[in-house]
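Presented below is the structure to which this report refers.
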Amino acid sequence: MGRQRSIDRDKVLDAAEEIVATQGAAGLTIDSVAKAMGISKGGVQYCFGNKDALIDAMFERWGKAYDRVFDSIAGNDPAPITVVQAHMQATRSSDQASSAKAAGLMATLIQTPEHLGSTREWYRGRIAGLDLNTEQGRKARLAFLATEGAFMLRFFGFMDIEQSEWDDMFADMQKWVLNEMVQHD
C-alpha cells in the first residue's frame, strides 16, 4: 500500500491568496484552488472543509502576521491612543504584497454576513477605548480613519499611490495629527 500524500495547508493558502490577488474575490472557489494546486477538490475540502473555512484560515494567517508587527509596536496592554498609533505604523510598514493580500481578503470577507460582522468588530475594537469627548481622542480617530482610507484607496486599486507618496501620507499623519497628540499629553 502506498503512502498517503499529505497536502501542505500553507501552500493551499498561498494558492488561494494568489487567486484572490489575480482574479479577485469572485475567482476564489474550492475548484479554482484545487486546480491551482493540482489536487482534487476533496483534497482542499480535507484541509479546510469548505470555502468559508478556507477564507477564515486566510484571514487568520494574515491577521497573525499583522498582529506580530502591531504587538511589537504597541507592547503589552497599550493605551487606546497607542493602539491607533501602532495600527497606523503597522499599516505603513507592511509590505505591498501582504497589504494587497489583505485587501483581497477583505473583499472576500464582506461577501458573507458572518465575516462582515467579525470585520466590523475588529475595526470598532481598534478605536473602542478612545475618549471622543477629547480633542486627543478625536484626532486619534481621525488618524485611524486616514490610515484605513489610504490603505483601501491604494490596495483596492482606487488610487495609484507609489511608495514615496505612501510614506509622505503617513509622515503627514504623524506630523499633523499624532505629534500634536503627543505634545498635549
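Predicted, not measured: the structure shown is a model, and the values here were computed from it.
Note: Q45 CD to K41 NZ = 6.5 Å, rounded to the nearest 0.5 Å. Taken to the nearest 0.5 Å, the CG atom of L145 stands 13.5 Å off from the CZ atom of R138. Rounding to the nearest 0.5 Å gives a distance of 10.5 Å between OG1 of T147 and CD of Q85. Going from atom CE of M173 over to atom CG of D168 covers 10.5 Å, rounded to the nearest 0.5 Å. We find the NZ-OG distance between K51 and S32 to be 8.0 Å, quoted to the nearest 0.5 Å.
In terms of heavy atoms, L13 sits closest to L54 at CD2-CD1, 3.9 Å. Heavy atoms only, all atoms of each residue included: F48 and A53 are closest at O-CB, 2.7 Å. The shortest non-hydrogen separation linking I73 to A90 is CD1-N, 3.8 Å. Listed here is the closest heavy atom pair of M58 and A16: SD-CB, 3.6 Å. Shown here for A171 and R92, the closest heavy-atom pair between the two residues is N-NH1, 4.1 Å. Nearest heavy atoms, V69 versus S93: CG1-OG, 3.9 Å.
Looking at heavy atoms from C-beta onward, W176 lies out of side-chain contact with K139 at the 4.5 angstrom threshold. Inter-residue side-chain proximity for M169 and R154 is flagged as unmet; no heavy-atom pair is nearer than 4.5 Å. A 4.5 Å side-chain heavy-atom check between E18 and D14 finds every atom pair outside the cut-off. Contact check for R61 versus D10: side-chain heavy atoms found under the 4.5 Å cut-off. Side chains of M88 and F170 form a contact here, defined as non-hydrogen atoms less than 4.5 Å apart.
Ring pair F151/F155 is tilted by interplanar angle, where 30° to 60° counts as tilted.
For W122 and F59, the gap between ring centers reaches or exceeds 6.0 Å.
Panel note: side chain K11, backbone M37; no donor-acceptor pair is recorded below 3.5 Å.
Side-chain N/O atoms of Y123 and H87 include no donor and acceptor closer than 3.5 Å.
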Exercise. Does the side-chain contact (heavy atoms from CB on, under 4.5 Å) test come out yes or no for V44 and I39, once each step is laid out?
Worked result: CA-CA 8 Å; V44 176; I39 61 176; 3.7 Å; yes
For this session: Show your reasoning for whether side-chain contact (heavy atoms from CB on, under 4.5 Å) applies to W166 and T91.
Result: CA-CA 11 Å; W166 179 256; T91 301; 4.3 Å; yes
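Electrostatic pairing of R126 and E148 does not count as a salt bridge here, judged by no charged N lying under 4.0 Å from a carboxylate O.
Under the 4.5 Å side-chain heavy-atom criterion for Ile, Leu, Val, Met, Phe, Trp and Tyr, I7 and I30 are members of the same hydrophobic cluster.
Each of D131, L130, I127 was compared with P80 under the side chain to side chain contact (heavy atoms under 4.5 Å, CB included) criterion, and only L130 meets it.
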